[in-house]
Number of protein chains: 2
Amino acid sequence: MSINFEGLSRKEQIVVVAAQLFRQKGYEASSMRDIASAMRIEAASLYHHIKSKDEILEMICFGMAQKFISAIGEVNDIYFNAEERLREAIYQHVKIITDDMDKSAVFLKEWRSLPAASLQEFMRLRNNYEHEFTAIVENGIQEDIFEHVDKKFAVLSILSSVNWINEWYHPDGKMQAKEIASHISDFVMGGLRKKLITDYNYKP
Amino acid sequence: MSINFEGLSRKEQIVVVAAQLFRQKGYEASSMRDIASAMRIEAASLYHHIKSKDEILEMICFGMAQKFISAIGEVNDIYFNAEERLREAIYQHVKIITDDMDKSAVFLKEWRSLPAASLQEFMRLRNNYEHEFTAIVENGIQEDIFEHVDKKFAVLSILSSVNWINEWYHPDGKMQAKEIASHISDFVMGGLRKKLITDYNYKP
DNA sequence: ACTCATAACTAACGTTTGTTAGACAAAAAT
DNA sequence: ATTTTTGTCTAACAAACGTTAGTTATGAGT
């Protein structure tokens, strides 16, 4: 367990422990009894703090969604150049993921277990976020610093790259968020930035 | 339901229907009664053809794994140049995914529900496959046509890009496997191929 | 006509699931 | 000192789960 576990409300503690489990075994495969036992209490006791198992998943998914959305909002407010904006957006995204690998794993992979109503809202938020990235890429093309590529395609490639971090990042590894984001940005920019290639192997 | 459904053994039909469901709702959230009802029979009747629910998941995961592995085996036998090999490996990977979106979704996202024993074997196969990609990238660096990048990092980026197809590809869309693979290859090569950039915005 | 394999059925099993009701203990507020 | 709040407990619920047993229907080969 990482730091600061005490000092959290009991409800937030449950969410943290649940996120750990959901990441490990998946939402459906994790029972309320599993969560309870990880907290060394009985399953029924959980219901003094939370309404349902669904609510835990909702708190994780929407909590993370809000972080991503407000992050890209700030980026678009501050940074002017499209490349700078994209690089910063990527960094913020990477940072949010690496800051809480458990919750982001749940956010990325378990959201479809949300109850129907929440699911719809969640997908709306996710679309919004995706659209903010598309806007940056569009700007980059207008500003003539990005190649004229398929926008949707480019955005999906970018997001797939940044989200994949969740499969292999370890907090105690060599790379930290800044470095990872920089690597990914370079990789992505390689496919986006306008360039004059003098490559003996280049085929247009 | 796509073509050729009849003509399959009853067992294979069950696997096809199950893959559809597993993709839609996830393995844990799909019950044997769900599968049975989709086939318009009773749950108990399934057990005349299969041993267990686990067995269905195993058939899907290992069936797909074999396709991927034998594909990259052929690529390494035939194509000589590292860039050609990588492009063809990517194409084959994309083709396998787009050919069966249901089974590949299960392969990509539901494998951790495999029973412990199978899980270990599955991860071994997956590592092998990953390693074959790493080898191609290594060759590319030796042949001096790829940039000197972090190998593991590059491979993970490549695989994340190709696997992400499973999130958005539609068989009746504009792009087909060949075209998609070509786009992805270009994108990936942008980050790998040695180049001399004459970019007014380039910072080394 | 009889056999045999195939594929389905009904009924039920033991377990696990998310969740509720109501009692009890300790600490905080009055 | 007593009420209130907070957190936990035991016990149990109905529903859903994967699976088994034993039976019946269908069609092909003899």
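Values reported hereafter were calculated over all heavy atoms of this structure, with side chains retained and with hydrogens, waters and symmetry mates removed. Every chain is numbered from 1, with letters handed out A, B, ... down the list of sequences.
Of all non-hydrogen atoms in Phe80(A) and Glu143(A), the two that sit nearest each other are O-OE2, 4.3 Å.
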Which atom pairs, one a donor and one an acceptor, fall under 3.5 Å between side chains of residues 104-119 of chain B and the rest of the protein, sequence neighbours left out?
{"unit_1": "Ser104(B)", "atom_1": "OG", "unit_2": "Ile97(B)", "atom_2": "O", "d": "3.3"}
{"unit_1": "Ser104(B)", "atom_1": "OG", "unit_2": "Asp100(B)", "atom_2": "O", "d": "2.7"}
{"unit_1": "Ser104(B)", "atom_1": "OG", "unit_2": "Met101(B)", "atom_2": "O", "d": "3.4"}
{"unit_1": "Ser104(B)", "atom_1": "OG", "unit_2": "Asn166(B)", "atom_2": "ND2", "d": "3.3"}
{"unit_1": "Lys109(B)", "atom_1": "NZ", "unit_2": "Glu167(B)", "atom_2": "OE2", "d": "3.3"}
{"unit_1": "Glu110(B)", "atom_1": "OE1", "unit_2": "Tyr27(B)", "atom_2": "N", "d": "3.1"}
{"unit_1": "Glu110(B)", "atom_1": "OE2", "unit_2": "Arg112(A)", "atom_2": "NH2", "d": "2.4"}
{"unit_1": "Trp111(B)", "atom_1": "NE1", "unit_2": "Leu108(B)", "atom_2": "O", "d": "3.1"}
{"unit_1": "Arg112(B)", "atom_1": "NH1", "unit_2": "Arg23(A)", "atom_2": "O", "d": "2.9"}
{"unit_1": "Arg112(B)", "atom_1": "NH2", "unit_2": "Glu110(A)", "atom_2": "OE2", "d": "2.5"}
{"unit_1": "Ser113(B)", "atom_1": "OG", "unit_2": "Glu28(B)", "atom_2": "OE2", "d": "3.4"}
{"unit_1": "Ser118(B)", "atom_1": "OG", "unit_2": "Glu58(B)", "atom_2": "OE2", "d": "2.3"}

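Extent of DNA chain D lying under 4.0 Å from chain B heavy atoms, first and last nucleotide in 5' to 3' order, is dC17(D) to dA21(D).
Taking only side-chain nitrogens and oxygens, Ser45(B) comes nearer than 4.0 Å to OP1 or OP2 of dC9(C).
At a threshold of 4.0 Å, the pair Arg85(A)-Glu138(A) does not count as salt-bridged, since none of the basic side-chain nitrogens sits closer than that to a carboxylate oxygen. By the 4.0 Å N-to-carboxylate-O rule, Glu121(A) lies close enough to Arg124(A) to be salt-bridged with it. Between Arg87(A) and Asp186(A) there is a salt bridge, since a side-chain N of the basic residue sits under 4.0 Å from a carboxylate O of the acidic one.
Lys67(B) is linked by a side-chain hydrogen bond (donor to acceptor under 3.5 Å, both in side chains) to nothing, counting only residues two or more places apart in sequence or in another chain. When the side-chain hydrogen bond (donor to acceptor under 3.5 Å, both in side chains) test is applied to Lys95(B), the partners found at least two apart in sequence or on another chain are Asp99(B). Listed by chain and number, the residues in a ring-ring contact (aromatic ring centres under 6.0 Å, His included) with Tyr129(B) are Phe68(B), His93(B), Phe133(B) (sequence neighbours excluded).
Between the CG atom of Leu8(B) and the P atom of dA7(C) there is a distance of 13 Å, given to the nearest Å. As a whole-Å value, the separation of Ile14(B) CD1 from dT6(C) C1' is 13 Å. Rounded to an integer number of Å, the gap from CD1 of Ile41(B) to P of dT10(C) is 12 Å.
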How does each nucleotide of nucleotides 12-22 of chain C score, in 5' to 3' order, for protein heavy atoms under 4.0 Å: base (B), sugar-phosphate only (S), or none (-)? B----BBBBB-
